[in-house]
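Below you'll find the structure, written out as structure tokens, and then a few comments.
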Protein chains: 2
Amino acid sequence: MPTATAAQRRARAKAEYDAFLDGCPSRQLLARISDKWVALILAALSTGSAPRPGRPGADCAGEPRSMRYSELSRQLAGVSQKMLTQTLRSLERDGLITRTVTPTVPVTVTYEATALGLSLQRVMLDVKEWAESHMDEVLANRGDYDTRTA
Amino acid sequence: MPTATAAQRRARAKAEYDAFLDGCPSRQLLARISDKWVALILAALSTGSAPRPGRPGADCAGEPRSMRYSELSRQLAGVSQKMLTQTLRSLERDGLITRTVTPTVPVTVTYEATALGLSLQRVMLDVKEWAESHMDEVLANRGDYDTRTA
DNA sequence: CAGGATCCCGCTAGATACTG
DNA sequence: CAGTATCTAGCGGGATCCTG
């Protein structure tokens, strides 16, 4: 674009990637992380293991929060195995979580956020919390809109 | 639900909404806002009108940032009219943006974030910026993963 | 200019069945 | 337990044509 403004060129130089551009990889990454399962998985991993009888110290403070496949499956109510596995794989591939296989009698697999994953986790927690805390307002707005346009 | 556990009732009482629960409206809202077009539209609206010859003071600081349909369409490179219109409608319905029709010669329609929209805008800007600023790391991680599993 | 209305394709979520 | 494999229905989303 020959008519690029100084502001645009500055932004380009600073960010290197621009999700507004069609072909930019960052748009594809944005599409990936803009996913409810991504938000919920990262949120779950920030909580760590749900306290279960028989595994007392599993989520003591300071310890990195990890969760087993079945625990995630339980916390993300309604998620299909396919979506859970698929989303976990893509998060692992992008270096956001680690997958650890412990060869116990029935195999044990745990997932844990990486440093990079933790940085996204903070952002996605905000998104999830925004949704939960503004639900009432949104619901009210929808009601207004629907009556107005009815 | 007669089989609600004490933990579930506690969570409900504290947060009112819990996106981890399958039927909860907040999960549906989370799914809605977890959308690349939502992130990009809100990001665009935070920028305001691109400076154009003939509309000098359109984006002066302090003034609420508004954009026309065609401006949004241009900035969100590659978006289809259908998705743009559809996403704008849902944002309007949820009370996140306002739609203003000015009956000029060719009709002028401008969109602007509401107070509620501004609160989400901050969150979604973080998501977009996270994607742009961590693109390199993610790309590197993908390369590693693909060679490792190759 | 700013959409509305259709058609239609692809992919992706979900259900089911099987395995190391 | 933690997946993989397969199938299918549904809809997200693009292309196209039309309108106030």
Side-chain angles (χ1 to χ4, degrees), chain A residues 22-23 27-28 30-41 44-45 49-50 52 54-55 58 66-93 97-112 145 149, chain B residues 22-23 27-28 30-41 44-45 49-50 52 54-55 58 66-93 97-112 145 149:
Chain A
D22 198 0
R27 173 175 295 187
Q28 195 263 347
L30 177 62
R32 269 211 155 207
I33 64 179
S34 296
D35 180 82
K36 66 173 168 179
W37 298 128
V38 169
L40 290 176
I41 286 176
L45 287 179
S49 298
R52 291 186 306 155
R55 250 177 108 238
S66 69
M67 287 187 84
R68 301 183 54 173
Y69 182 88
S70 51
E71 290 175 323
L72 283 168
S73 167
R74 226 172 303 119
Q75 183 151 13
L76 306 192
V79 68
S80 68
Q81 295 163 356
K82 181 182 175 181
M83 284 317 296
L84 182 54
T85 301
Q86 187 173 299
T87 309
L88 287 170
R89 282 284 177 282
S90 97
L91 291 177
E92 187 196 0
R93 185 169 109 99
I97 62 174
T98 60
R99 177 176 180 270
T100 310
V101 181
T102 311
T104 48
V105 185
V107 71
T108 304
V109 180
T110 57
Y111 294 93
E112 191 177 321
Y145 185 90
T149 63
Chain B
D22 198 359
R27 173 175 294 187
Q28 196 262 347
L30 177 62
R32 275 221 137 172
I33 63 179
S34 296
D35 180 82
K36 65 173 170 178
W37 298 129
V38 170
L40 290 176
I41 286 177
L45 287 179
S49 299
R52 292 184 307 154
R55 252 178 105 238
S66 69
M67 286 187 84
R68 301 185 54 175
Y69 182 88
S70 52
E71 289 175 323
L72 283 168
S73 169
R74 225 172 303 119
Q75 182 152 15
L76 305 190
V79 68
S80 69
Q81 295 163 353
K82 179 183 177 180
M83 285 317 296
L84 183 53
T85 301
Q86 186 173 296
T87 309
L88 287 169
R89 282 285 175 281
S90 97
L91 291 177
E92 187 195 0
R93 185 169 108 102
I97 62 175
T98 59
R99 177 176 180 270
T100 310
V101 180
T102 311
T104 48
V105 185
V107 70
T108 305
V109 181
T110 58
Y111 294 93
E112 192 177 319
Y145 184 91
T149 62

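Quick note on labels: first sequence line is chain A, next is B, and so on, each numbered from 1.
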In this structure, how many angstroms lie between the [atom2] atom of [N] and the [atom1] atom of [X], rounded?
X      : N      : atom1 : atom2 : value
B:M83  : C:dG4  : CE    : P     : 14 Å
B:Q81  : D:dG14 : CD    : C1'   : 10 Å
B:L84  : C:dA5  : CG    : C1'   : 17 Å
B:D35  : D:dG12 : CG    : P     : 10 Å
A:L88  : C:dA13 : CG    : P     : 13 Å
B:W37  : D:dG14 : CH2   : P     : 6 Å
B:Y111 : C:dC1  : OH    : P     : 15 Å
A:I97  : D:dA2  : CD1   : C1'   : 14 Å

Divergence of helical axes at both termini of the helix from C:dC1-D:dG20 to C:dG20-D:dC1 - five pairs an end, 10° steps:
60°

Within the distance-only criterion (no hydrogens, no angle test), does the side chain of B:R27 pair as donor or acceptor with the backbone N or O of A:A77 below 3.5 angstrom?
yes

Is there a donor-acceptor contact under 3.5 Å from the side chain of B:S73 to the main chain of B:Y69?
no

Nearest to the side chain of [X], heavy atoms from C-beta on, is which of [options]?
X      : options              : result
B:R89  : D:dA2, C:dG4, C:dT6  : C:dG4
B:V107 : D:dG3, C:dC1, C:dG3  : C:dC1
A:T85  : D:dT4, C:dA13, C:dG3 : D:dT4
A:R68  : D:dA2, C:dG4, C:dG14 : D:dA2

5' priority, DNA chain C, between A:P106 and A:K82 [closest heavy atom]:
A:K82

Between [atom1] on residue [X] and [atom2] on residue [Y], distance to nearest 0.5 Å:
X     : Y      : atom1 : atom2 : result
B:I41 : B:L88  : CD1   : CG    : 4.5 Å
A:L72 : A:L40  : CG    : CG    : 10.5 Å
A:L30 : B:D35  : CG    : CG    : 9.0 Å
A:M67 : A:L45  : CE    : CG    : 7.0 Å
B:R68 : B:T102 : CZ    : OG1   : 8.5 Å

Return the 5'-most residue of the pair A:T108, B:K36 with respect to DNA chain D, ranking by each residue's nearest nucleotide.
A:T108

Side-chain N or O of [X] versus OP1/OP2 of [N]: is the shortest distance under 4.0 Å?
X     : N     : answer
B:Y69 : C:dG4 : no
B:S70 : C:dA2 : yes
B:R99 : C:dA2 : no

Quick one: label A:Q86 by what it contacts on the DNA or RNA (base, sugar-phosphate, nothing), any heavy atom closer than 4.0 Å.
sugar-phosphate

4.5 Å side-chain heavy-atom contact, B:R89 and B:R99
yes

